[in-house]
Every structure is written in C-alpha cells, then in structure tokens.
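Computed from a predicted structure; not experimentally measured. Just so we're on the same page: letters track the sequence lines, and every chain starts at 1. The figures that follow rest on heavy atoms only: side chains count, while hydrogens, waters and symmetry mates do not.
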Amino acid sequence: MSDSPPPADRPQALTAFFSRPALAVARDLIGARLAIDGVGGIVVETEAYAPDDPASHSYGGIRNRNRTMFGPPAHAYVYRSYGIHWCLNFVCLRGHAVLIRALEPQVGMTAMAERRSLDRQRLLCSGPGRLSQALGVDGTMDGLPLDRPPFSLTLPTEPAGIATGPRIGITRAAEQPWRFGLADSPFLSRRF
DNA sequence: GACTCGATTTCCT
DNA sequence: GGAAATCGAGTCG
C-alpha cells in the first residue's frame with residue numbers, strides 16, 4: 001500500500017455525490033472547484049434538468065444526442081447549442097443532469113483569455129457557451145468521467161449562500177426555480 | 001438595456 | 001424539408 005495507493009475513496013465519493021436527483025446536485029455544486037487540464041475555477045451558477053422535465057433533453061426518452069444523460073453518474077454530458085456553442089453538463093441519476101452555467105475563473109486564466117480572445121475576467125466564463133470555450137470543452141469530452149483527467153472536481157466543503165431562480169433560455173417549464181448560484185457573484189451569466 | 005442576427009445540429013412531420 | 005434549440009456578440013438608443 002506504499003507504492004501507489006489508488007485513492008479509491010475519492011471517485012466513490014464523487015459517484016455518490018452525483019447519484020442523486022439533479023435538483024440536489026445542482027444546489028450542492030455551487031462553490032465546487034472545477035478544472036479541465038488545469039484551467040478552471042469556482043462554480044457559481046448551475047441549472048437542474050430531470051427526465052420528467054419538459055425543458056430537459058432527457059424528456060421523452062433516450063435519443064442519440066442525449067444518450068450520455070442516461071449513462072452512469074459523475075460523467076460529462078456535452079452537447080452543441082444553437083449550432084455554435086458547446087455546453088457542459090454533469091450527469092446525475094439516470095436522465096438527470098446539471099448544466100454548468102458560470103465559473104469564477106481562478107486558474108489558467110491566461111489560457112482562457114487566449115481561447116476567448118478576451119482579457120476581462122468577468123466575461124471569461126459567465127455563460128455556458130463562454131465557459132466551454134474558455135475551458136476548451138468540445139464534443140470529444142462527452143461521456144468522460146469526472147474523477148479522472150482532464151477533469152478535476154473538488155466538492156465544496158461548506159454550504160454557500162445560494163440564490164435560486166427560474167432557468168434561462170427555455171420555453172417549457174420556465175417557471176421552475178431550478179437555477180442556482182451565488183447571489184452576489186459578479187461572474188454570473190445573469191443576476192438573480 | 002433591449003433587440004437582432006448568426007450558424008449548426010437534432011428531431012419531428 | 002423545416003422548425004426549434006439549456007447562446008453570445010454586436011448594434012442601436
């Protein structure tokens with residue numbers, strides 16, 4: 001056990017964390033530290049999507065595009081939005097997923113600025129499409145496990161002051177307050 | 001701050 | 001074949 005003890009505890013903890021409904025996971029992810037290839041920051045905004053939710057990709061059953069949402073928890077679900085942007089989600093219970101909408105940049109900000117052709121921190125990751133561009137997320141990361149590189153995910157140790165509100169950019173079930181975030185963070189895609 | 005437009009994939013008819 | 005889509009940048013006022 002002295003050579004290279006595989007930290008079997010961490011991945012299990014991550015799997016357990018994500019083996020819950022998206023609503024619970026989305027709330028508890030606020031304050032987590034996410035990095036991809038050493039580029040990332042603090043999660044400040046999420047949204048929950050569930051199988052019985054008309055706004056969710058998983059609504060209506062399994063399809064080619066949403067296959068990953070029905071796979072094992074603690075994996076990435078990446079899809080293209082409006083044909084232009086990539087969006088990063090984390091798979092929870094079967095058919096549940098959490099959309100990562102905004103980060104507070106902390107590490108690798110040079111790489112982010114380069115990918116985004118921007119230097120203003122506030123705009124680096126304040127939105128799902130921007131975040132994906134800044135972190136280099138694309139379709140090849142769909143289905144990758146979150147407990148191994150290039151992903152690095154550290155769960156929050158203490159509860160944060162969480163604000164809730166209606167989700168953004170959807171037409172069905174738009175009234176559900178399934179958006180979560182740090183109310184006073186300047187890095188939100190939109191204020192609550 | 002509000003509005004318009006771009007550009008691609010997926011799914012339904 | 002066509003509409004809708006978990007958006008962002010640019011423009012106008």
Classify the side-chain pair [X]/[Y] by whether it contains a donor and acceptor separated by less than 3.5 Å.
X: A:E45; Y: A:S189; value: yes
X: A:R130; Y: A:S126; value: yes
X: A:S58; Y: A:N66; value: no
X: A:Q133; Y: A:R116; value: yes

* Nearest of C:dG8, B:dC12, C:dA5 to any side-chain atom of A:H85? -> C:dG8
* Asked: Where the side chain of A:H57 is concerned, which of B:dC11, C:dA9, C:dA5 is the nearest nucleotide?
  -> C:dA5
Rounded to whole angstroms, how far apart are [atom1] on [X] and [atom2] on [N]?
X: A:Q133; N: C:dG8; atom1: CD; atom2: P; value: 10 Å
X: A:R67; N: B:dT10; atom1: CZ; atom2: P; value: 12 Å
X: A:N64; N: C:dA5; atom1: CG; atom2: C1'; value: 17 Å
X: A:I84; N: B:dT9; atom1: CD1; atom2: P; value: 11 Å
X: A:Y49; N: C:dA5; atom1: OH; atom2: P; value: 12 Å
X: A:L188; N: C:dT6; atom1: CG; atom2: P; value: 21 Å
X: A:L118; N: C:dG8; atom1: CG; atom2: P; value: 12 Å
X: A:R190; N: C:dT6; atom1: CZ; atom2: C1'; value: 12 Å

[N] phosphate, OP1 or OP2, under 4.0 Å from [X] side-chain N/O:
X: A:R63; N: B:dC12; answer: yes
X: A:R101; N: C:dC7; answer: yes
X: A:S81; N: B:dT9; answer: no
X: A:R65; N: C:dT6; answer: yes

May I ask you to say what [X] touches in the nucleic acid, namely base, sugar-phosphate or nothing, with a heavy-atom cut-off under 4.0 Å?
X: A:I170; answer: sugar-phosphate
X: A:R116; answer: sugar-phosphate
X: A:S189; answer: nothing
X: A:R167; answer: nothing

* To do: Search all heavy atoms of A:N89 against all heavy atoms of A:A97 and return the closest pair with its distance.
  => CB-CB, 4.3 Å
* Which heavy atom in A:M112 sits nearest to a heavy atom in A:P105, and how many Å separate them? -> SD-CB, 3.9 Å
* To do: May I ask you to test the A:L135-A:L103 pair for a side-chain heavy-atom distance under 4.5 Å?
  => yes
* Asked: C:dT6 base to A:Y79 side chain: any donor-acceptor pair below 3.5 Å?
  -> yes
* Whichever of A:S126 and A:G83 has its nearest DNA chain C nucleotide further upstream toward 5' -> A:G83
* **Stepwise side-chain contact (heavy atoms from CB on, under 4.5 Å) test for A:L29 and A:F180** => CA-CA 9 Å; A:L29 267 180; A:F180 301 88; over 6 Å; no
* Bracket string, DNA chain B, 5' to 3' - pairs by Watson-Crick or G-U geometry under 3.5 Å, | interstrand -> ||||||.|||||.
